[in-house]
There are 2 protein chains.
Amino acid sequence: MSALTIRKATTADLPAIIAMLADDELGKSREDGSTPPNPAYVKAFAAIEADANQFMAVAEADGQVIGCLQLSFIPGLSRTGMWRGQIEGVRVASSHRSAGIGHKLLQWAIGECRRRGCGLVQLTTDKSRRDAKRFYEDLGFVAVHEGMKLTL
Amino acid sequence: MSALTIRKATTADLPAIIAMLADDELGKSREDGSTPPNPAYVKAFAAIEADANQFMAVAEADGQVIGCLQLSFIPGLSRTGMWRGQIEGVRVASSHRSAGIGHKLLQWAIGECRRRGCGLVQLTTDKSRRDAKRFYEDLGFVAVHEGMKLTL
């Protein structure tokens, strides 16, 4: 594999990103992998693009998109006005798993949060993803919180 | 107590909000309760105000600010382009606890997320806050995720 490039996603990356979101134990029932992309994805991507505090990142190797994550930069009053970096939707293409790509993607994301002046990086991971907790612990994350969700 | 009003916070509310953030088991070591407010809070409040996807809310009764929370509206590709509402920094003044104010504040926040088209409301709560998990469960939240943090 050639060097990994991590860059801002463009509309042209949407099919590859959606394919990765759908190629996942939990994602397969939640996502719509049809092409051209469901307009809901196109609209959501436009909303991410329009928000200076959102950053959709893709990892590319050999001209192929093989990983993604979304970064959110959240201003807040707590902890003496600290910014938080938040990571959502981490995926690595099934063809490229267990090759350290997720680790590199996360290290890049942590660096971006530091560069943007965040005092904390946070994420939640579904308790049913058995290996994910250890993956994030290896990167320095600590599971000090309960991650609670309410479906509307 | 007169009727509870929940509204957008203004700069004039900052001292009351900071006092509530500081009057908390975890917050007391993290916050700066000095007056006038530490400029870091003023700067953070300006960043919240400048971001259309952030909403700092206060609950008021008898002309006094007695509760607060921050709402973040997060666009995303996951779950077929679903928006998420996120809740941070929930506080009720110690003089007004156990009177259902937190519950009302959260119900209002959930309604706001629905009104803004979110498909999910999420929050994390420190595992050391023993009663918080049940409080959120009573509102319908489920602790399906680990909430992981990395301090920078």
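Keep in mind that the numbers below use all heavy atoms, side chains included, and drop hydrogens, waters and symmetry copies. Letters go in sequence order (proteins before strands), and every chain restarts at 1.
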| field | side chain to side chain donor-acceptor pair (under 3.5 Å) evaluation trace for N53(B) with D51(A) | value | CA-CA 8 Å; N53(B) 287 330; D51(A) 185 337; 2.8 Å; yes

| field | Region of Q70(B) that comes under 4.5 Å of a non-hydrogen atom in chain A | value | side chain

| field | Region of R129(B) in contact with chain A, defined by heavy-atom distances below 4.5 Å | value | neither

| Short side-chain to backbone donor-acceptor contact, E146(A) and T125(B), under 3.5 Å | no

| said: Between R114(B), E88(B), Q54(B), who has the most heavy-atom pairs with chain A when the cutoff is under 4.5 Å? | reply: E88(B)

| field | Atom of G76(B), atom of A44(A) and distance for their closest heavy-atom approach | value | O-CB, 3.4 Å

| Any idea which heavy atoms bring L77(A) and Y41(B) closest together, and the distance? | O-CE2, 3.2 Å

| task | Report yes or no: does E31(B) contribute a side-chain atom to a donor-acceptor pair with the main-chain N or O of T80(A) at less than 3.5 Å? | result | yes

| query | Any donor-acceptor pair under 3.5 Å linking the side chain of K133(B) with the backbone of M148(A)? | reply | no

| remark: Distance col, row L152(B):CG vs R116(A):CZ, nearest 0.5 angstrom, shows 13.5 Å

| said: Given heavy-atom pairs under 4.5 angstrom as the criterion, report whether the side chain, backbone, both or neither of C68(B) touches chain A. | reply: neither

| field | Greatest number of heavy atom pairs closer than 4.5 Å to chain A - which of N38(B), I74(B), D32(B), I18(B) | value | I74(B)

| request: Measure E137(B) against the heavy atoms of chain A and call it side chain, backbone, both or neither at under 4.5 Å. | output: both

| task | Heavy-atom distances under 4.5 Å only: say whether M56(A) touches chain B with side chain, backbone, both or neither. | result | side chain

| Which bit of L123(B) comes within less than 4.5 Å of chain A, counting heavy atoms only: side chain, backbone, both or neither? | both

| message | Looking at chain A, which one of I17(B), L26(B), I110(B) has the largest number of heavy-atom pairs inside 4.5 Å, strictly under? | response | I110(B)

| Contact origin within K43(A) toward chain B - heavy atom pairs under 4.5 Å | neither

